K.L.:
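Before we start, here is the structure in question, set down as structure tokens.
The structure displayed is predicted, hence computed values, not measured ones.
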Amino acid sequence: MSLQTFIDSAQSIEFSRADVVATSVSRSGRVITQTRNTVKPWTFKVTPRPYLPWSSYRGAIETVLTKDRHTEHEIQIGATPGSTWLTNYQGGLTVTDGIAQNIFITAYSGNTITIDVSSASIPTGTVIFRAGDLIQPAGTGSDGLYYRYPYAVTADVVKNAGNTTKVVTLNRGVIIQANYNALDGARGQNALRVGSACTWRVIITSLPGVRYLPGQIVEFTSDMSLLEMVL
């Protein structure tokens, strides 16, 4: 049991992936904005469900308190049957064990990846991704670790007649991870996880206390704030 336990049963989850933007107003009244080039880490605010049975949640609470604000957790969003609508894959590809079938990454640059769509099983007109779909390179690196960072697709991607490749635009630049090559098919790194199969590595930046109530019930005293760990 872990932080995921409280995400799965959360009363609400709020997320942000906003740019870091500076705004100023010139003497003539013109608004000037400038965006800082960052990795745009995801942030989450989780409002835990109140009135938790102590006997059922004691282990999960201990894990959260032990990891405190310095040790990362791995989480998923929309991983339980009642919450799949949050991150469900919207395209028309076959998905097996969270992996989109018949496509693979052939190149990446900046905030785009290029995927091969030449498979005969993808008919013309197939919606490969819709805006808002979550994707994440699959497989493991030479160190045995999974790729850490998920991305959101920012525009629909459709296979048109004659297409063999398609460019997918992402919400942020592709982040390089040591010992991982997103083009390495031998380790499955050029495949893509989609939807709720995507994961984040986060730390808790605001850790609430635990309130003990009559009837062997407990609850957190405030929200949990989470920050994606970008190495």
Side-chain angles (χ1 to χ4, degrees), residues 4 7-8 13 15 17 39-42 74-201 228 230:
Q4 187 68 47
I7 290 174
D8 290 344
I13 299 174
F15 77 90
R17 58 171 204 256
V39 295
K40 297 174 65 174
W42 298 62
E74 183 177 16
I75 66 169
Q76 295 173 279
I77 303 297
T80 56
S83 63
T84 54
W85 59 272
L86 286 166
T87 54
N88 62 303
Y89 168 63
Q90 305 170 94
L93 298 177
T94 299
V95 177
T96 303
D97 295 329
I99 305 295
Q101 302 297 299
N102 303 317
I103 63 170
F104 57 89
I105 305 170
T106 60
Y108 56 88
S109 177
N111 68 328
T112 64
I113 62 172
T114 301
I115 57 174
D116 186 296
V117 296
S118 61
S119 172
S121 61
I122 306 177
T124 297
T126 297
V127 176
I128 299 170
F129 299 115
R130 290 196 185 278
D133 275 332
L134 293 176
I135 63 175
Q136 186 174 32
T140 57
S142 59
D143 53 7
L145 299 178
Y146 291 101
Y147 185 77
R148 300 172 59 90
Y149 310 109
Y151 301 88
V153 177
T154 62
D156 291 357
V157 179
V158 180
K159 183 183 179 183
N160 298 317
N163 284 160
T164 58
T165 63
K166 295 292 293 189
V167 174
V168 182
T169 305
L170 311 175
N171 70 295
R172 58 181 175 180
V174 175
I175 302 170
I176 303 301
Q177 179 171 311
N179 302 307
Y180 189 97
N181 175 10
L183 308 182
D184 185 357
R187 292 180 178 271
Q189 297 166 11
N190 62 346
L192 284 171
R193 291 204 297 269
V194 298
S196 61
C198 296
T199 62
W200 289 260
R201 304 294 182 89
E228 181 186 21
V230 179

K.L.:
Can you list the steps and then say if N111 with Y151 is a side-chain contact (heavy atoms from CB on, under 4.5 Å)?
P.N.:
CA-CA 9 Å; N111 68 328; Y151 301 88; over 6 Å; no

K.L.:
Quick one: pull up OG1 in T140 and CG in L145 and give me the separation to the nearest 0.5 Å.
P.N.:
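Going from OG1 on T140 over to CG on L145, the span is 8.0 Å.
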
K.L.:
Return all side-chain donor-acceptor pairs below 3.5 angstrom for residues 90-99, not counting sequence neighbours, or 'none' if the list is empty.
P.N.:
from, atom 1, to, atom 2, distance (Å)
Q90, NE2, A131, O, 3.2
Q90, NE2, D133, OD1, 3.2

K.L.:
CD/Q76 to OG1/T87 distance, rounded to the nearest 0.5 angstrom?
P.N.:
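Spacing of CD (Q76) from OG1 (T87) equals 8.5 Å.
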
K.L.:
Given 3.5 Å as the limit, does a donor-acceptor pair link the side chain of K40 with the main chain of N171, or not?
P.N.:
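Confirmed, K40 side chain pairs with N171 backbone.
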
K.L.:
If we ignore hydrogens and angles and just use 3.5 Å, is the side chain of K159 paired with the main-chain N or O of V117 as donor and acceptor?
P.N.:
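Such a contact is found between K159 side chain and V117 backbone.
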
K.L.:
Name all residues meeting the salt bridge (Lys or Arg N to Asp or Glu O under 4.0 Å) criterion together with D8; count only those two or more places apart in sequence or in a different chain, and write none if there are none.
P.N.:
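Residues passing salt bridge (Lys or Arg N to Asp or Glu O under 4.0 Å) with D8: none at all.
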
K.L.:
Under the side-chain contact (heavy atoms from CB on, under 4.5 Å) criterion, do T106 and N190 qualify, and how do the steps go?
P.N.:
CA-CA 7 Å; T106 60; N190 62 346; over 6 Å; no

K.L.:
Mind checking the OG1-CD1 spacing from T164 to I115? Nearest 0.5 Å is all I need.
P.N.:
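So the OG1 of T164 and the CD1 of I115 are separated by 11.0 Å.
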
K.L.:
Kindly indicate, with the supporting measurements, whether the criterion side-chain contact (heavy atoms from CB on, under 4.5 Å) is fulfilled by L192 and I103.
P.N.:
CA-CA 8 Å; L192 284 171; I103 63 170; 4.0 Å; yes

K.L.:
Hey, could you give me the CZ/OH distance between R148 and Y180, rounded to the nearest 0.5 Å?
P.N.:
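It comes to 13.0 Å.
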
K.L.:
Any donor and acceptor pair, going by atom type alone, linking the side chain of Q189 with main-chain N or O of N181 inside 3.5 Å?
P.N.:
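Yes; judged by distance alone, with no hydrogens or angles, the pair exists.
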
K.L.:
Do you know which of D156, V158, I135 makes side chain to side chain contact (heavy atoms under 4.5 Å, CB included) with F129?
P.N.:
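Single side chain to side chain contact (heavy atoms under 4.5 Å, CB included) partner of F129 among D156, V158, I135: I135.
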
K.L.:
Determine whether E228 and P150 make a side-chain contact, defined as any pair of heavy atoms from C-beta on separated by less than 4.5 Å.
P.N.:
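Heavy-atom side-chain distance check passes, below 4.5 Å.
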
K.L.:
Evaluate side-chain contact (heavy atoms from CB on, under 4.5 Å) for W42 paired with R172, printing each intermediate quantity in order.
P.N.:
CA-CA 11 Å; W42 298 62; R172 58 181 175 180; 3.6 Å; yes

K.L.:
Just jot down the ring-ring contact (aromatic ring centres under 6.0 Å, His included) partners of Y149, sequence neighbours excluded, or say none.
P.N.:
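Y149 satisfies ring-ring contact (aromatic ring centres under 6.0 Å, His included) with Y147 once adjacent residues are dropped.
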
K.L.:
Using modelled atom types and a 3.5 Å cut-off, is there a donor and acceptor pairing between side-chain atoms of T154 and backbone atoms of T169?
P.N.:
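Yes; at least one donor-acceptor contact below 3.5 Å.
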
